[in-house]
There are 2 protein chains.
Amino acid sequence: MSRTPPHPTREQIELPMVLDCLSDPIRLAIVYQLAQQQGVSSELCCGDFNALGGKSNLAYHFAKLRESGLMQTRVAGTNRFMRLRREDLDARFPGLLDAVVKSAAKDADRLQLLSECEAPAAG
Amino acid sequence: MSRTPPHPTREQIELPMVLDCLSDPIRLAIVYQLAQQQGVSSELCCGDFNALGGKSNLAYHFAKLRESGLMQTRVAGTNRFMRLRREDLDARFPGLLDAVVKSAAKDADRLQLLSECEAPAAG
DNA sequence: CCCCATGTTCAATGTTTATTGAACTATCAA
DNA sequence: TTGATAGTTCAATAAACATTGAACATGGGG
């Protein structure tokens, strides 16, 4: 369990699998949340997504996102840190991830993308 | 049966439904083929997709594409003419359709996008 | 060491999905 | 009318999917 799980190489990333991943509301929310993180730490751990569902259900979606090549998982102690594979995605499917994330942002309330503002922030 | 089937309005088009539609290889091929047609006649009829599957299976996929808002069906005699709802899609999700079609084009052989050049393949 | 927190894996569930063929509807042409 | 053409709808089936909870593995801190 401490080993890094398998990831597809850049060239192995398949368009239908990526689109299928992004078509699920929970997975789209995960990707969206990771995209918001770009430039900040660029990484989030599983627990940061707990608002989106139960642990085992999330693990299921994480696996799909990993297998599709959308995100990468790094194991550190008892935590798994995930980041978007933006470089690989952009190289493979230019403009796609950007268009999806922007489209999701436009519909942020229609979709239930609770990006970083799930707790009522003071100040 | 002669009535035009129902289509969602532009605002009713939902991102997850669109992505889900595009994640199916047959539907992606249909959309790709329609996209190639942009600027030509911009319309194709059901029979033009016969290489992609059986009639009833295609009708099923056509319905999904229509319900998702990706394409529009126009009834003319015994024919149904379809076209991409590119304006609506571009207004709703800027850059998305373009990125998907270009990504599909890049993988045209990996995916089985027999755009306009398909010979009757021997089993 | 033992316990707890973090996450994964497994088995079971009910739902959705893609696919097939047969039956059906509608239009056109002779 | 009859028949051919173009597509849809229906019923059935098998596969895939999302979701749940329980069991499991791993690492950190007392």
Side-chain angles (χ1 to χ4, degrees), chain A residues 1-7 14-31 33-34 41 43-68 70-83 111-112, chain B residues 1-7 14 16-31 33-34 41 43-68 70-83 111-112 123:
Chain A
M1 208 190 198
S2 62
R3 274 268 151 276
T4 319
H7 295 77
E14 303 275 4
L15 182 59
M17 238 179 140
V18 167
L19 294 174
D20 184 51
C21 262
L22 294 167
S23 75
D24 180 274
I26 291 189
R27 289 192 293 261
L28 182 58
I30 293 171
V31 167
Q33 216 158 317
L34 284 170
S41 82
E43 283 187 323
L44 288 174
C45 74
C46 301
D48 294 326
F49 303 95
N50 283 342
L52 296 174
K55 280 168 46 161
S56 68
N57 192 20
L58 286 180
Y60 164 75
H61 289 299
F62 292 149
K64 295 216 90 172
L65 285 164
R66 193 175 8 82
E67 289 158 16
S68 78
L70 267 166
M71 68 178 213
Q72 196 176 66
T73 302
R74 179 174 65 87
V75 179
T78 76
N79 294 301
R80 274 116 188 105
F81 288 98
M82 349 267 230
R83 53 167 253 269
L111 313 166
Q112 286 167 311
Chain B
M1 209 187 193
S2 62
R3 273 266 151 279
T4 319
H7 295 78
E14 304 273 4
M17 237 178 139
V18 167
L19 294 174
D20 184 50
C21 262
L22 295 168
S23 76
D24 180 275
I26 290 188
R27 290 193 294 260
L28 182 58
I30 293 170
V31 167
Q33 217 159 318
L34 284 170
S41 80
E43 283 186 322
L44 288 174
C45 73
C46 302
D48 294 326
F49 303 95
N50 283 341
L52 297 173
K55 277 166 51 158
S56 69
N57 191 21
L58 286 181
Y60 164 75
H61 288 300
F62 292 150
K64 296 215 93 173
L65 285 164
R66 194 174 9 83
E67 289 157 16
S68 78
L70 267 165
M71 69 180 210
Q72 196 177 65
T73 302
R74 178 175 67 85
V75 179
T78 74
N79 293 300
R80 276 114 187 104
F81 288 97
M82 349 267 231
R83 53 167 253 268
L111 315 164
Q112 286 168 310

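Keep in mind that what you see is a predicted model, and the values were worked out from it rather than measured. The chains referred to below are lettered A, B, ... by the order of the sequence lines, with proteins before strands, and numbering in each begins at 1.
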CG of A:Asn79 versus P of C:dA5: gap in Å, rounded?
-> 13 Å
Check whether any side-chain heavy atom of A:Cys45 lies under 4.5 Å from a side-chain heavy atom of A:Asp48, and answer yes or no.
-> yes
Using a cut-off of strictly less than 4.0 Å, decide whether B:Lys55 has a side-chain nitrogen or oxygen near OP1 or OP2 of D:dT5.
-> no
Report yes if the side chains of B:Ile30 and B:Leu44 come closer than 4.5 Å at any heavy-atom pair, otherwise no.
-> no
Between P of C:dG7 and CE of A:Met71, the distance in whole Å | 11 Å
Looking at every strand, decide which applies to A:Gly77 at a 4.0 Å heavy-atom threshold: base, sugar-phosphate, or nothing.
-> sugar-phosphate
How close or far is atom C1' of D:dG7 from atom CG of B:Leu44, stated in whole angstroms?
-> 16 Å
Sorted by position of nearest nucleotide on DNA chain D, 5' first, the leading residue of A:Leu58 and B:Asn50 is B:Asn50
Picking from C:dA18, C:dT8, C:dT9, which would you name as closest to the side chain of A:Ser56?
-> C:dT9
Taking the side chain as every heavy atom from C-beta outward, state whether A:Phe49 and A:Leu34 have any pair of such atoms under 4.5 Å apart.
-> yes
Side chain of B:Thr78, base of D:dG7: donor and acceptor closer than 3.5 Å?
-> no
Grab the OH-C1' distance between B:Tyr60 and D:dA6 for me, whole Å please.
-> 21 Å
Is B:Arg27 near enough to C:dA18 that one of its side-chain N or O atoms lies under 4.0 angstrom from OP1 or OP2?
-> yes
Please state whether the phosphate of D:dT19, meaning OP1 or OP2, lies under 4.0 angstrom from any side-chain nitrogen or oxygen of A:His61.
-> yes
Are any non-hydrogen side-chain atoms of A:His7 and A:Thr73 less than 4.5 angstrom apart?
-> yes
Would you kindly give the CZ-to-P distance between B:Phe81 and C:dT27, to the nearest whole Å?
-> 15 Å
Give the nucleotide from the list C:dT9, C:dG7, C:dA22 with an atom nearest to the side chain of A:Ala59.
-> C:dT9
Write down the distance between CG (A:Leu19) and C1' (C:dT17), rounded to a whole number of angstrom.
-> 17 Å
In whole angstrom, what separates A:Phe62's CZ from C:dT6's P?
-> 13 Å
Choose from C:dG7, C:dA18, D:dT8 the nucleotide whose nearest atom is closest to any side-chain atom of B:Asn57.
-> C:dA18
Roughly, in whole Å, what's the span from CE in B:Met82 to C1' in D:dT8?
-> 11 Å
Comparing nearest nucleotides in DNA chain D, the 5'-proximal residue of the pair A:Asp24, B:Thr73 is B:Thr73
Got B:Val75 and B:Pro5 here, is their nearest side-chain heavy-atom distance under 4.5 Å?
-> yes
